[in-house]
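Worksheet: one structure, shown below.
Residue numbers run from 1 in the order of the sequence given.
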Amino acid sequence: SDVGSQKERVVTEEEWLQKWEMGNIGFHKEQGHPLLQKYLDVLLNGRSGLRIFFPLCGKAVEMKRLADMGHSVVGVEISEQAVKEFFSDHSLPYCEEPVPEISGAKMFQSTSGNISLYCCSIYDLSSSIVGKFDGVWDRGALVAVNPRDRQRYARLMISLVEKNSSYLLVTVSYDPNKHKGPPFYVPESEIKSLFG
């Protein structure tokens, strides 16, 4: 697949943390993402009380919306600043605790218990730590993952979903020779080879 000059591009965790510190978060949608609104029925499929995973969640406003609808939301984000901003933006009280299985990781949970955000590398997670999910809203994760890590990412995501889960994935289409990413260009053929 032609991903242009992006194939070898690597964005470090430090660079992501710096984006949050500098407020360089153009990827954050204050009003939520219109595609989730459009395809919410596909994600939920008439089901209630789902466990929904937000990989590389940032401070996505949809996490609160889905929790308010009675779903249990779990996210993972490398930036503690982003996680804390999520709770303060929504005036949600929370508690913070270490994650014994992951050195240095923290889990921030709303006091209502229906939103749990892990502050660590996504690759440190496993189903033994976070369980399995009925739905995934991948709005900016696959396109943010370094191209060389896509297979590792897809394997992890597949291991975290239940058999009858729904996986909503948003990607962007453009000429990868004209933009170094992120967001990275992920051709449809690669999505099919990653997720089947």
Side-chain angles (χ1 to χ4, degrees), residues 3-6 8-38 40 52-68 73-99 102-112 114-125 130 136-150 153 156-157 168-176 178-186:
V3 290
S5 57
Q6 292 184 347
E8 304 305 320
R9 175 108 161 90
V10 173
V11 182
T12 64
E13 287 182 1
E14 289 70 29
E15 287 174 85
W16 284 112
L17 293 172
Q18 197 171 32
K19 284 178 184 290
W20 281 99
E21 285 166 24
M22 305 298 288
N24 182 12
I25 54 168
F27 46 83
H28 175 69
K29 303 264 185 254
E30 246 359 283
Q31 303 307 313
H33 200 287
L35 287 174
L36 181 57
Q37 228 22 71
K38 185 175 180 179
L40 187 59
I52 301 174
F53 186 52
F54 280 68
L56 313 187
C57 62
K59 57 177 186 172
V61 298
E62 295 93 343
M63 294 189 290
K64 175 148 184 347
R65 288 192 191 136
L66 284 161
D68 288 346
V73 171
V74 175
V76 63
E77 170 57 49
I78 196 71
S79 168
E80 187 171 323
Q81 177 183 340
V83 171
K84 287 181 173 177
E85 282 181 18
F86 168 79
F87 287 105
S88 66
D89 288 355
H90 297 284
S91 304
L92 286 173
Y94 65 91
C95 58
E96 175 184 329
E97 56 191 58
V99 181
I102 307 170
S103 175
K106 296 178 185 174
M107 195 259 287
F108 296 79
Q109 188 173 55
S110 60
T111 50
S112 58
N114 59 352
I115 301 174
S116 303
L117 305 183
Y118 288 79
C119 186
C120 60
S121 164
I122 190 167
Y123 302 114
D124 289 334
L125 294 183
V130 295
V136 175
W137 171 236
D138 185 335
R139 193 288 277 185
L142 181 63
V143 296
V145 168
N146 291 320
R148 70 179 188 192
D149 293 329
R150 282 184 192 147
Y153 173 81
L156 171 65
M157 296 309 294
L168 287 188
L169 171 66
V170 178
T171 62
V172 287
S173 187
Y174 63 85
D175 180 347
K178 294 188 173 151
H179 177 63
K180 66 181 187 168
F184 295 111
Y185 169 65
V186 186

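In this structure, the side chain of Glu77 engages the main chain of Gly58 through a donor-acceptor pair within 3.5 Å. For Gln109 (side chain) and Cys95 (main-chain N/O), no donor-acceptor pair under 3.5 Å exists by modelled atom type. At least one donor-acceptor pair closer than 3.5 Å links the side chain of Ser110 to the backbone N or O of Ile115. Here the side chain of Asp149 pairs no donor or acceptor atom with the backbone of Tyr153 at under 3.5 angstrom. Between the Arg148 side chain and the Glu8 main chain, no donor and acceptor come within less than 3.5 Å of each other. Under a 3.5 Å cut-off, the side chain of Glu13 and the backbone N or O of Ile78 do not form any donor-acceptor pair.
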Residues Phe108, Ser116; criterion side-chain contact (heavy atoms from CB on, under 4.5 Å); working and verdict: CA-CA 6 Å; Phe108 296 79; Ser116 303; over 6 Å; no
side-chain contact (heavy atoms from CB on, under 4.5 Å) assessment of Val143 paired with Asp138: CA-CA 9 Å; Val143 296; Asp138 185 335; over 6 Å; no
Tyr94 vs Thr111, side-chain contact (heavy atoms from CB on, under 4.5 Å): CA-CA, chis, key distance, verdict: CA-CA 5 Å; Tyr94 65 91; Thr111 50; 5.5 Å; no
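Side-chain contact between Lys38 and Leu168 is absent, with no heavy-atom pair separated by less than 4.5 Å. Residues Gln31 and Val61 are not in side-chain contact: their nearest non-hydrogen atoms beyond the backbone lie 4.5 Å or more apart. Side-chain contact between Tyr123 and Val76 is absent, with no heavy-atom pair separated by less than 4.5 Å. Between Pro55 and Val136 the shortest side-chain heavy-atom distance falls below 4.5 Å. Between Val11 and Phe184, the closest side-chain pair of non-hydrogen atoms falls below 4.5 Å. Proximity of Leu169 to Val186: side-chain heavy atoms (C-beta onward) are nowhere separated by under 4.5 Å. Considering only heavy atoms from C-beta on, Val74 stays 4.5 Å or farther from Phe54 through its side chain. A 4.5 Å side-chain heavy-atom check between Leu117 and Met107 finds every atom pair outside the cut-off.
Once rounded to the nearest 0.5 Å, the distance linking CH2 of Trp20 with CD of Glu80 reads 13.0 Å. Interatomic distance, CZ of Arg139 versus SG of Cys57, reported as 11.5 Å (0.5 Å rounding). Summarising the geometry, atom CD1 belonging to Ile52 is positioned 12.0 Å from atom CE belonging to Met63; distances are rounded to the nearest 0.5 Å. Residue Ser79 holds its OG atom at 11.0 Å from CH2 of Trp16, rounded to the nearest 0.5 Å. From Phe87, atom CZ reaches atom NZ of Lys59 across 13.5 Å, with rounding to the nearest 0.5 Å.
Salt bridge status for Glu15 with Lys19: absent, with no side-chain N to carboxylate O gap under 4.0 Å. Ion pairing of Lys106 with Glu97 is absent here, as no side-chain N (NZ or NE/NH1/NH2) approaches a carboxylate O to less than 4.0 Å.
Qualifying ring-ring contact (aromatic ring centres under 6.0 Å, His included) partners for Phe86, counting only residues two or more places apart in sequence or in other chains: His90.
Side-chain polar atoms of Glu14 and Gln18 form no donor-acceptor pair below 3.5 angstrom.
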